[in-house]
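Notes for the one structure printed next.
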Amino acid sequence: MKLSEECQLIVKHIIKRADEYNMNKDNPNQVSITISRIQKILYFIQIEYIKHTGNIMFEDDFYALPAGPTIKEVHDLYIDYATGKASELKFPCGKLPQDKRQIIDIVLENTNSIDTVTLSKYSRKIDNIWINTYTSEDSNKLISKSVLINYYKPEKKTQTKKRIRKNMYFTKAN
């Protein structure tokens, strides 16, 4: 299965914003952008978008893998890149709608100072969805979008920056 254009644009935005954050950061402990980090951020983005709109941000499926919620196509794309099988990542042209960029940017702001190992642990514990889906006998199970939608029903559809920040499941202090 191919990674959706929407998800590719989100990954492109994540990488761009991470680069901007790291270039403007005086701290030598810059957060490196890895496959694992992108996977966790994508999961948090999907959760926050569902929480605030009642809809999914992108169609791609998460699977309950040992490292936490994972989109296989994101993993495969970056493994090919990291091993030299794909010389350059090519993202589609296009721009994400403002409401989606707003959620993505807020998730990024709230995760920039959290190391990838902590994000990974948190993605497995945040909602018990991964725990309930993952089993040692079959660690390749789909995390259903309908389960995510049912679990994260929005309280209100207000999408102000203040409200989104107030309702984040994690903060910079974590």
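Computed from a predicted structure; not experimentally measured.
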- Message: Using side-chain contact (heavy atoms from CB on, under 4.5 Å), reason through V147 and I143 one step at a time and then give a plain yes or no.
- Response: CA-CA 7 Å; V147 168; I143 297 174; 5.5 Å; no
- side-chain contact (heavy atoms from CB on, under 4.5 Å) between K100 and E6, intermediate numbers included: CA-CA 10 Å; K100 291 184 177 187; E6 190 88 28; 3.0 Å; yes
- Query: Taking it one step at a time, do N55 and I149 satisfy side-chain contact (heavy atoms from CB on, under 4.5 Å)?
  - Reply: CA-CA 7 Å; N55 299 309; I149 290 168; over 6 Å; no
- Steps toward side-chain contact (heavy atoms from CB on, under 4.5 Å) verdict (R37, I41): CA-CA 6 Å; R37 187 168 194 82; I41 291 170; 3.8 Å; yes
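Side-chain atoms of N128 never come within 3.5 Å of backbone atoms of I131 as a donor-acceptor pair (strictly under, hydrogens ignored). Side chain of Q8 to main chain of L3: a donor-acceptor pair is present (N/O by atom type, distance under 3.5 Å, no hydrogens or angles). Between the T70 side chain and the G68 main chain, a donor and an acceptor come within less than 3.5 Å of each other. Not a single donor-acceptor pair under 3.5 Å links the side chain of S120 to the backbone N or O of T116.
Interatomic distance, CZ of F58 versus CD1 of I45, reported as 7.0 Å (0.5 Å rounding). In this structure, the separation between OH on Y122 and OG1 on T111 is 12.0 Å, given to the nearest 0.5 Å. The structure places CD1 of I71 at 7.5 Å from OG of S4, a figure rounded to the nearest 0.5 Å. Within the model, atoms CZ of R17 and CZ of R101 stand 10.0 Å from one another, a figure rounded to the nearest 0.5 Å. The distance from atom NZ of K40 to atom OG1 of T34, rounded to the nearest 0.5 Å, is 8.5 Å. A distance of 12.5 Å separates CG of L119 from CD of Q39, quoted to the nearest 0.5 Å.
A cation-pi contact, defined as under 6.0 Å to the ring centre and within 45° of the axis, is absent between K141 and Y63.
A 4.5 Å side-chain heavy-atom check between I14 and L42 finds at least one atom pair inside the cut-off. Looking only at side-chain heavy atoms (C-beta outward), K145 and E59 come within less than 4.5 Å of each other. Proximity of L9 to H13: side-chain heavy atoms (C-beta onward) are nowhere separated by under 4.5 Å. Contact check for F44 versus S123: side-chain heavy atoms found under the 4.5 Å cut-off.
The minimum heavy-atom distance between P69 and Y43, with the atom names listed, is CB-CD1, 3.5 Å. The nearest pair of heavy atoms linking T133 to L142 is CG2-O, 3.4 Å. The minimum heavy-atom distance linking Q46 with D60 is given by the pair NE2-O, 4.4 Å. Minimum interatomic distance between I106 and N110 (heavy atoms only, all atoms of both residues): O-ND2, 2.8 Å.
Side-chain contact, D127 with Y152: a donor N or O sits under 3.5 Å from an acceptor N or O. Between S146 and S144, the side chains place a donor N or O and an acceptor N or O closer than 3.5 Å (distance only, hydrogens not considered). Between the side chains of D99 and H52, no donor-acceptor pair is found at a separation under 3.5 Å.
Exactly one residue among I56, I103, N150 makes a side chain to side chain contact (heavy atoms under 4.5 Å, CB included) with I50. That residue is I56.
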